[in-house]
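Since the structure comes first, as C-alpha cells, the remarks are kept for the end.
So you know, we letter chains A, B, ... as the sequences are listed, proteins then strands, and number each from 1. Heavy-atom basis, side chains included; hydrogens, waters and symmetry copies ignored.
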2 protein chains.
Amino acid sequence: MEQIGKRMTKQKKVILDILRHTRSHPTADWIYAQARKVLPDISLGTVYRNLGVLRDAGEIMELNYGSTYSRYDGNPENHYHFVCLHCGRIVDLDMPLHKDLEREAEACGGGRILYHRLEFYGICPECNDQKEH
Amino acid sequence: MEQIGKRMTKQKKVILDILRHTRSHPTADWIYAQARKVLPDISLGTVYRNLGVLRDAGEIMELNYGSTYSRYDGNPENHYHFVCLHCGRIVDLDMPLHKDLEREAEACGGGRILYHRLEFYGICPECNDQKEH
DNA sequence: GTAGTTGCAAACTTTTTGCTACCCA
DNA sequence: TGGGTAGCAAAAAGTTTGCAACTAC
C-alpha cells in the first residue's frame, strides 16, 4: 500500500482519494463534507491535519489565491491556473511550463529560484455567456 | 487634493503614504503599528477598511502568497515577485511583463483574461549566505 | 505493544461588522 | 448640514492545538 506519512489511516486515504478524483480545487470545508459521506465521524481538525501532511509530503498542493481560505489541488505537478473573477472557479490550464521564466527572474534580482506560480485572472466562458443574456 | 473613495480622511492619507514609502510588502498589522506613530488613536478596523477602499480603487495591491494573512503592495502596476521560502521576504523583481502569456493561456482553455500574476519561490541571497556559514 | 492518529472542543489569528460619535465636503 | 468614516469592541471565519481514546503497524 502507498505509504504517505507514518501511517496510512482510512481518514488520510479518503481525503487523498477525494482530491485525486475531482477536477475542482476544493476548500477544506468541502473536502470535509465529502469525507463525511464515507466516514460520518471524521472531524474537521483531522481533515486539516491530513491536508497538511499530504501537502508536506508533496502529494497535493495548497493554493491561496486572494481568498481568506485555502483551496487544495490533488495534482502536485506544477501547472497554471485560471481564476474566474466572477464566479471564483479555478480551472487547470493545459499549458506547458515556462522554466525559462525562472532563469530570467534569477537574472532580475531573485535569489536561487526553486519553482514559480502563474495564475491568470479573468471571466470564464460560462460567466461571459450569462452576462450577454 | 488627490481623491480616492468618497472622502480623503487623514487616516486614509497616512495609510497610503506608508504604503507608498516602503519597499517591503507589509501586513495590515505592521501598517497599523506605523500609522499609530502618526495617529495614536487609529484603530485596526480603520486600517482594514481603508486598505479595502484603496485596493478597490486600484491604488494598492493585496497579496496572499501562501500565508494565513495578506500583505499589501503600494505599487498598483502589475509586476512580479520573488518570495523567500526561508525568511518569508517578498521582493519586487525588475523584470518586464510577459503579456504574451495571456494570449497563450486564452488559447489553452482560460476564458477572457484580464491580468496575470507570477511569483517565484526560492531562497534569497541573504538566507543562502547564512546557510553557508 | 506502542507511537502515531483521531475526535472533540476550545483556542487562536486574521479580518469583518454593528454602532454611536465625529468630521470632511 | 448630512452622509461617509472613525473608534471601539464584539463577532465571524478559517485554522490550529491539547488531550484522552483509539488504531495501524
Side-chain angles (χ1 to χ4, degrees), chain A residues 1-19 24-57 59-73 88 90, chain B residues 1-19 24-57 59-73 88 90:
Chain A
M1 150 133 7
E2 190 176 17
Q3 188 61 30
I4 299 165
K6 306 213 167 156
R7 283 183 197 176
M8 178 50 70
T9 63
K10 59 189 174 190
Q11 289 86 348
K12 190 186 292 179
K13 201 186 305 182
V14 165
I15 291 168
L16 187 54
D17 196 60
I18 288 169
L19 272 167
S24 72
H25 301 73
T27 61
D29 220 60
W30 187 89
I31 296 165
Y32 172 54
Q34 299 303 308
R36 282 222 286 188
K37 294 178 182 173
V38 186
L39 303 171
D41 287 337
I42 196 174
S43 76
L44 187 54
T46 295
V47 171
Y48 274 107
R49 266 187 293 234
N50 276 309
L51 288 171
V53 168
L54 293 169
R55 185 233 299 125
D56 293 345
E59 293 291 323
I60 66 174
M61 274 200 294
E62 185 175 353
L63 313 173
N64 312 57
Y65 292 166
S67 302
T68 57
Y69 48 86
S70 288
R71 291 176 169 275
Y72 295 86
D73 190 328
I90 298 177
Chain B
M1 150 135 5
E2 192 177 14
Q3 188 60 31
I4 300 165
K6 307 212 167 156
R7 284 183 197 174
M8 178 51 70
T9 62
K10 57 189 174 189
Q11 289 85 350
K12 191 186 292 180
K13 201 185 306 183
V14 165
I15 291 168
L16 187 55
D17 196 61
I18 289 169
L19 273 167
S24 72
H25 300 74
T27 62
D29 218 60
W30 187 88
I31 296 165
Y32 172 54
Q34 299 302 309
R36 281 222 286 187
K37 293 178 183 174
V38 186
L39 303 170
D41 287 337
I42 196 173
S43 75
L44 187 54
T46 294
V47 171
Y48 274 107
R49 264 187 293 236
N50 277 309
L51 288 171
V53 168
L54 293 169
R55 185 233 298 124
D56 294 345
E59 293 290 324
I60 66 174
M61 277 201 293
E62 184 176 351
L63 313 173
N64 314 56
Y65 293 164
S67 301
T68 56
Y69 47 84
S70 288
R71 292 175 169 277
Y72 295 86
D73 190 329
I90 299 178

Side-chain heavy-atom pair [X], [Y] within 4.5 angstrom cut-off:
{"X": "Leu51(A)", "Y": "Glu62(A)", "result": "no"}
{"X": "Thr68(A)", "Y": "Ser70(B)", "result": "no"}
{"X": "Val47(A)", "Y": "Asp29(A)", "result": "no"}

Tell me: [atom1] of [X] to [atom2] of [N], nearest whole Å?
{"X": "Leu44(B)", "N": "dT14(C)", "atom1": "CG", "atom2": "P", "result": "10 Å"}
{"X": "Arg71(A)", "N": "dT15(D)", "atom1": "CZ", "atom2": "P", "result": "11 Å"}
{"X": "Ile4(A)", "N": "dC25(D)", "atom1": "CD1", "atom2": "C1'", "result": "16 Å"}
{"X": "Ile15(B)", "N": "dT5(D)", "atom1": "CD1", "atom2": "P", "result": "12 Å"}
{"X": "Lys10(A)", "N": "dT6(C)", "atom1": "NZ", "atom2": "C1'", "result": "10 Å"}
{"X": "Asp56(B)", "N": "dT5(D)", "atom1": "CG", "atom2": "P", "result": "12 Å"}
{"X": "Leu51(B)", "N": "dT16(C)", "atom1": "CG", "atom2": "P", "result": "10 Å"}
{"X": "Asn64(B)", "N": "dT13(C)", "atom1": "CG", "atom2": "C1'", "result": "15 Å"}

Checking the side chain of Lys12(B) only, and the main-chain atoms of Ile4(B) only, is there a donor and an acceptor separated by less than 3.5 Å?
yes
Is Gln3(A) reaching over with its side chain to a backbone N or O of Gly5(A), donor-acceptor style, under 3.5 angstrom?
yes
Select one nucleotide: of [options], the one nearest the side-chain heavy atoms of [X].
{"X": "Thr68(A)", "options": "dG14(D), dT2(C), dG7(C)", "result": "dG14(D)"}
{"X": "Thr46(A)", "options": "dG4(D), dG7(C), dT15(C)", "result": "dG7(C)"}
{"X": "Arg7(B)", "options": "dT14(C), dC24(C), dT6(C)", "result": "dC24(C)"}
{"X": "Arg49(B)", "options": "dC19(C), dC24(C), dT16(C)", "result": "dC19(C)"}
{"X": "Lys6(A)", "options": "dG4(D), dT5(C), dG7(C)", "result": "dT5(C)"}

Does OP1 or OP2 of [N] have a side-chain N or O of [X] closer than 4.0 Å?
{"X": "Asn50(A)", "N": "dT6(C)", "value": "yes"}
{"X": "Thr9(B)", "N": "dG4(D)", "value": "no"}
{"X": "Gln11(A)", "N": "dG7(C)", "value": "yes"}
{"X": "Ser70(A)", "N": "dT15(D)", "value": "yes"}

Under 4.0 angstrom, heavy atoms only, what part of the nucleic acid is Ile42(B) near: base, sugar-phosphate, or nothing?
sugar-phosphate
For a quick check of understanding: with a heavy-atom distance under 4.0 Å over all strands, which category does Tyr48(A) fall into, base, sugar-phosphate or nothing?
base
If you pin Gly45(B) and Lys12(B) to their nearest nucleotides in DNA chain D, which one's is more 5'?
Lys12(B)
Assert: residue with more 5' nearest nucleotide on DNA chain C, out of Tyr69(B) and Val53(A), is Val53(A)
Nearest-0.5 Å distance that lies between atom CD1 in Ile42(A) and atom CG in Asn50(A):
7.0 Å
